[in-house]
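Structure, as structure tokens:
Remember, predicted model here, so these are calculated numbers, not experimental data. We count ligands from 1, going down the list as the structure has it; atoms in each ligand are counted the same way. This chain uses plain numbering: 1 for the first residue, then up along the sequence.
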Amino acid sequence: MSDDVMVLDGNAAAGALGSLFAFDATTAIVRCGNCHASGPLAELRFYGSPQAMVLRCKNCGEVNLRLLETESSINLDLRGAARIDISRAT
Ligand SMILES: [Zn+2]
């Protein structure tokens, strides 16, 4: 790694990530990692409860998102999504 590259810890990403996650998640466009269909998160198939959920692709049924919420943390697993696009509010 070059000496002229400034390396910071993850706190440096707080501003950008803060704005990224301050949005209505149901409007995010999710691209399925299996069949590559794209559509709003709101159109995925929801299984489970608000604290322990699985969202599946409406086209192929592949799991695109898993979320587990406990008293101490929220675990978000996006392995099944090839991509998530978030539009900026205008
Ligand atoms: Zn799919």
Single-linkage hydrophobic cluster, 4.5 Å side-chain cutoff, L44 and Y47 together: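 Looking at the clustering, Y47 is in a separate group from L44.
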Short question: side chain of R56, backbone of G61 - any donor-acceptor pair under 3.5 Å?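 Confirmed, R56 side chain pairs with G61 backbone.
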For the pair N64 (side chain) and G80 (backbone), establish whether a donor and an acceptor sit closer than 3.5 Å, ignoring hydrogens and angles.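 Side chain of N64 to backbone of G80, a donor-acceptor pair under 3.5 Å: yes, one is there.
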Of D77, V30, L76, which meets side-chain contact (heavy atoms from CB on, under 4.5 Å) against L65?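 Exactly one pass, corresponding to L76.
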Tell me, with the steps shown, if R66 and R79 meet side-chain contact (heavy atoms from CB on, under 4.5 Å). CA-CA 9 Å; R66 295 177 180 89; R79 281 179 286 177; 4.3 Å; yes
How long is the gap from CD on E62 to CZ on R45, to the nearest 0.5 Å?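 One finds 15.5 Å between CD of E62 and CZ of R45.
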Which count of protein N, O or S atoms is obtained for distances strictly below 2.8 Å from the Zn ion (ligand 1)?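 There are 4 of them.
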